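Before anything else, here's the structure in question.
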There are 4 protein chains.
Amino acid sequence: MRHKNNEKSRKIIAAATKIFAKKGFYKAKVSEIAQEAGIADGTIYIYFKHKDDILIALFEEKMREVLDNMKKQISLESDPFAKIERFAYFHLKLIEDNKDMAEIIQVELRQSSKFMKNYQNKKFAQYLDLIGDIIQEGKEKGLISQDIIPGIAKRAFFGALDEMSRFWVLSKRRKYDVETAARQISSYFINGIKN
Amino acid sequence: MRHKNNEKSRKIIAAATKIFAKKGFYKAKVSEIAQEAGIADGTIYIYFKHKDDILIALFEEKMREVLDNMKKQISLESDPFAKIERFAYFHLKLIEDNKDMAEIIQVELRQSSKFMKNYQNKKFAQYLDLIGDIIQEGKEKGLISQDIIPGIAKRAFFGALDEMSRFWVLSKRRKYDVETAARQISSYFINGIKN
Amino acid sequence: MRHKNNEKSRKIIAAATKIFAKKGFYKAKVSEIAQEAGIADGTIYIYFKHKDDILIALFEEKMREVLDNMKKQISLESDPFAKIERFAYFHLKLIEDNKDMAEIIQVELRQSSKFMKNYQNKKFAQYLDLIGDIIQEGKEKGLISQDIIPGIAKRAFFGALDEMSRFWVLSKRRKYDVETAARQISSYFINGIKN
Amino acid sequence: MRHKNNEKSRKIIAAATKIFAKKGFYKAKVSEIAQEAGIADGTIYIYFKHKDDILIALFEEKMREVLDNMKKQISLESDPFAKIERFAYFHLKLIEDNKDMAEIIQVELRQSSKFMKNYQNKKFAQYLDLIGDIIQEGKEKGLISQDIIPGIAKRAFFGALDEMSRFWVLSKRRKYDVETAARQISSYFINGIKN
DNA sequence: GATGAATGAGTATTCATTCAT
DNA sequence: CATGAATGAATACTCATTCAT
C-alpha cells in the first residue's frame with residue numbers, strides 16, 4: 001500500500017465510489033473498478049492491499065471531507081439552534097449532491113462493521129459528536145433542557161436525518177425538497193429539546 | 001416452490017436469522033444455514049428457490065410479526081401521544097429482545113434493495129405508516145401542528161429510534177436502558193410536533 | 001478432506017500422478033488434474049483442501065505401496081547380501097514400471113521439503129531404514145565389516161540406485177537394462193562393505 | 001542480452017543463489033532477487049531475458065567453478081583410487097562450504113529439466129565424466145575390474161555422495177563429518193570395484 | 001544503462017445450485 | 001420429500017515482464 005502517487009489513489013476511490021454505489025460492495029468486481037478508473041486490475045493492488053481496503057479508504061476520505069465541511073458550516077453560526085438547523089440543511093444537501101457517496105455510506109457503512117472487525121469508524125463518531133457538542137453547549141447556555149441526554153439526542157437527530165436520506169437514496173424520485181425536510185426535522189428536534 | 005405453512009420452512013428461517021446476523025448475508029453459507037437447521041443443503045432448495053429468497057422470506061415473516069404486534073400495542077391506547085410513546089418503547093424493546101433479527105433488519109435490509117431489485121418492502125412501508133397514521137390522527141384532533149408533514153415526520157421518528165437501535169446492535173454493551181431511550185426520544189418528538 | 005469415497009480420492013491421485021509427472025507440481029493446473037480424472041474442478045476440493053495436499057497424499061500412497069512391496073521382497077531372502085541384490089533389482093524395476101511415479105518422487109519429492117515445511121516424510125525414512133536394517137543384520141552376522149556406518153552406507157546405496165533412476169527418468173531412451181544396473185550397483189556395494 | 005563479464009550479472013546471480021535456496025525457484029520473486037542485489041526489478045531484465053535464465057546462468061557459473069576446482073584437485077593425485085577419495089572429499093566439502101548453492105543444485109536442478117526443455121546440462125555431464133574417466137583409467141591400469149561399466153559406476157558413486165549431500169542439505173544439524181562420510185563412501189566404492 | 005510504476009494474463013479456490021438415489 | 005456428492009461459473013489477487021522516463 002505504497003502511496004507514492006496520491007492522484008491515482010484518488011482516481012481508484014472515485015471509481016470505486018461509483019461502482020460500489022451501483023452494485024454494492026460484494027457484487028462490485030475489482031476489475032470493474034479498474035476499468036472505471038482507466039487502469040489495469042493489478043494497478044489497484046499497488047495502492048490497496050485488498051478489496052476491503054478500498055472501501056475503508058473510501059470511508060475515511062469521504063468522512064474526512066464531510067466532517068471538515070460540516071465543522072466549517074457550524075462555526076459560521078453562534079446560536080446552538082441555528083447550528084442545528086445548519087447541520088440539518090447541509091447534511092441533506094450533501095446527500096443530494098453526492099448520491100453515490102451517500103448510498104455507500106448508507107448501505108455499505110452498515111455492513112462494514114461485519115467484515116471489518118477491527119475497523120473503528122472514528123470519523124463517524126466525530127461526526128455524531130458535532131451534534132452532541134452543540135447540545136451540550138445549548139444545555140450550558142440554558143437553552144436546552146437539563147433532562148436531555150446528549151448521547152441519545154445526537155443519535156435521535158442524526159437518525160432522523162439519516163432515515164430521510166435513506167428514503168431519498170433508495171427512491172427514484174425525490175419527494176420533499178431539501179429545505180423543507182431540513183426545516184421540518186430541525187424544527188421537531190429544536191422544539192423537542194428546548195427549555 | 002415455497003410452502004409457507006411448513007414447519008421446516010420456519011426452521012430454515014430461524015437458522016438463517018442466526019447465521020445472517022452472525023456473518024452477514026454474503027458471508028453466510030447456505031450449508032451453514034442447513035447445518036444450523038439440522039437438515040441437508042439440498043432440502044433448503046425445496047423450500048426456497050434461491051439464497052436471496054431466504055432473506056426475503058425472513059423479512060416478510062419478521063416484519064409481519066413486528067407489524068401485528070405493534071398494531072396491537074397501539075390499539076391499546078387512544079391518545080396519539082400515548083401511542084407514540086408506546087411505539088417507541090415497544091420498538092426498542094423488540095430490538096432488545098431479538099438481537100439477531102434486529103441486526104439483520106438493521107444491516108441487511110439496507111443492502112437488500114441492491115440485490116433484490118424487484119423486492120418492494122411493503123411491510124416496512126406499512127410499519128412506517130403506523131406512525132404516519134398516528135400523526136394524521138393527531139393533526140385531525142388538533143393535537144399536532146398543521147405544519148407537520150407526516151411523510152417527513154414519520155421518517156424522522158422512525159429514524160431516531162432506528163439509529164438508537166443501530167448503536168445498540170453494533171455495540172458490545174448496552175448504554176442507556178430501553179425505558180430511558182424510549183421516553184427521551186418520544187418526548188423530543190412529541191414536544192417537537194405538538195400544537 | 002472428507003474421505004467418504006476412497007475410489008474418487010484414488011482417481012484424483014492417479015490423475016495427479018500423470019499430470020505432475022508431465023508438467024511438474026507448479027506448472028500442473030488443478031483443472032488439468034480434474035479433467036484427467038474426469039471430474040469437475042470443484043470435486044477435487046471435496047477430497048483435498050489444497051493443491052499441496054494432493055501431492056502429499058500422492059507421496060503417502062505411493063510410498064506406502066513401495067514400502068509394502070519392498071518389505072515383502074526382502075522377506076523372501078534370508079541372506080543379507082541377497083536382500084541387497086533384491087532391493088536393487090526391485091527398486092530399479094519399480095522405476096521402470098512406474099515412470100510417472102518415479103519422476104514425481106525424483107523431482108517433486110526434492111522440492112517438497114521447501115513448500116511443505118511441516119511435512120515429515122516418514123515413509124521415505126522407513127524405506128531407507130530397510131537398507132539400514134539389512135546392513136545392521138549383516139554386521140551382526142559378521143558378514144559386513146564393523147567399520148561400516150549404517151547411516152552413511154544406507155544413503156550411499158540408495159543414492160547409487162537413485163542416481164541411476166534419475167538418469168533413466170530424465171533420458172528419453174533407456175541405456176543399460178534393469179538387471180545389469182541392479183547387478184552392478186549391488187555388486188559394488190556388497191564388495192565394498194563385506195568383511 | 002546477457003553480458004557475461006559484467007559485475008552486475010554476478011551480483012544478480014549471487015542474490016538469486018540466496019533467494020532460490022531459501023524459497024525455491026517458483027516461490028522466489030524476481031523483485032526479491034532485485035532487492036537482495038540492491039538494484040531495480042527492471043535492471044534484472046537487462047542482464048537476463050527471463051527468470052528461468054537466471055537459474056540457468058546460476059547453474060552454469062556454479063558448475064563451471066565446481067568443475068574447474070575438481071579438475072584441479074584430481075590432477076594433484078596420480079593414483080585413480082586416490083583421485084576417487086579426493087573427489088569424494090572435495091565434493092562433500094563443497095556442499096558444506098556452499099550450502100545455498102548445494103541446496104539449489106540438489107533441489108532445483110531436479111526440476112530444471114522440466115521447465116527448461118532445451119537446456120542441456122553439459123557441465124553436469126562433464127562433472128560425472130570426471131569420475132567416469134578415473135574409472136576408465138583404473139581399468140586401463142588393471143586396478144579396476146573389467147566388468148565395471150563406467151556409465152553405471154560413475155552414477156553410483158556420484159549418487160552415493162549426492163544422497164549424503166541431500167541429507168545434509170535438508171537436515172538442520174549435520175550428523176557425520178565430511179572426512180568420515182568421504183572416507184566411508186569412497187572406501188565402499190573403491191573396494192567394490194577394485195580388481 | 002537504470003528505474004520502478006504499470007500491466008494483464010493466469011489460477012487456485014469457493015459455494016450456490018442441481019439431481020440421482 | 002430428503003439427501004449430500006458433484007458441479008462449474010465466477011473472481012480476487014499475484015508477479016513476470018515491459019517501457020516511458
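In what follows, chains are A, B, ... by sequence order, proteins preceding strands, each numbered from 1. Atom set for the values below is all heavy atoms of this structure, side chains included, hydrogens, waters and symmetry mates excluded. Predicted, not measured: the structure shown is a model, and the values here were computed from it.
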Counting just side-chain N and O atoms, does A:His50 come under 4.0 Å of either OP1 or OP2 of F:dA12? no
Distance in angstrom units between A:Phe48 CZ and F:dT14 C1', rounded: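 From A:Phe48 CZ to F:dT14 C1': 18 Å.
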Applying a 4.0 Å non-hydrogen cut-off, can you work out what D:Ala28 is touching in the nucleic acid: base, sugar-phosphate, or nothing? sugar-phosphate
For B:Ala28 and B:Ile19, which heavy atoms make the closest approach, and how far apart are they? CB-CG2, 3.6 Å
Once you round it to whole Å, what is the distance between C1' of F:dC15 and CG of D:Asp52? 14 Å
C:Tyr26 OH to F:dT14 P, straight-line distance once rounded to whole Å: 16 Å
Kindly say if B:Lys51 contacts the phosphate of E:dT17, meaning a side-chain N or O under 4.0 Å from OP1 or OP2.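 Answer no for this pair, as no side-chain N or O of B:Lys51 is under 4.0 Å from OP1 or OP2.
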I need the CZ-P distance between D:Phe20 and F:dA16, as an integer number of Å.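 One finds 9 Å between P of F:dA16 and CZ of D:Phe20, rounded.
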For E:dA6, which nucleotide is its Watson-Crick or G-U wobble mate, given both distances must be under 3.5 Å? F:dT17
Test salt bridge (charged side-chain N to carboxylate O under 4.0 Å, His left out) on A:Glu32 and A:Lys22 and set out the steps. CA-CA 11 Å; A:Glu32 282 178 300; A:Lys22 187 156 59 181; over 6 Å; no
Hey, are C:Glu61 and C:Arg10 close enough for a salt bridge, meaning a charged N less than 4.0 Å from a carboxylate O? no
Could you state the NZ-P distance from B:Lys49 to E:dT17, rounded to the nearest angstrom?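 Going from NZ in B:Lys49 over to P in E:dT17 covers 10 Å.
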Have a look at C:Ile44 and say if it touches a base, only the backbone sugar-phosphate, or nothing, with a 4.0 Å heavy-atom cut-off.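 No contact at all - C:Ile44 keeps every heavy atom at 4.0 Å or more from the nucleic acid.
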In whole Å, I'd like the distance from the CG atom of A:Asp41 to the P atom of E:dT11.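 So the two atoms are 16 Å apart, to the nearest Å.
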If each of C:Lys29 and B:Val30 is mapped to the nucleotide of DNA chain E with the nearest heavy atom, which maps nearer the 5' terminus, i.e. the 5' end?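 Nearest-nucleotide comparison on DNA chain E picks C:Lys29.
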Are B:Lys27 and A:Tyr26 in a cation-pi setup, meaning NZ or CZ lies under 6.0 angstrom from the ring centre and within 45 degrees of the ring axis?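 Verdict for A:Tyr26: no cation-pi partner in B:Lys27.
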Rounded off to whole Å, could you give me the CD-to-C1' distance for the D:Glu7 and E:dA2 pair? 15 Å
Whether B:Lys8 contacts F:dA2 is assessed here as follows: a side-chain N or O lying under 4.0 Å from the phosphate OP1 or OP2. Is that the case? yes
Taking A:Lys11 for the side chain and A:Gly38 for the main chain, is one N or O donor matched with an acceptor at less than 3.5 Å? no
Please figure out whether A:Gly42 or C:Thr43 has its closest DNA chain E nucleotide nearer the 5' end. A:Gly42
According to a strict under-4.0 Å criterion, is C:Tyr47 in side-chain N/O contact with OP1 or OP2 of F:dA6?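 Result: yes.
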Tell me: CD1 of C:Ile46 to P of F:dT7, nearest whole Å? 7 Å
Tell me whether the OP1 or OP2 atom of E:dT14 has a side-chain N or O from C:Tyr45 closer than 4.0 Å. no
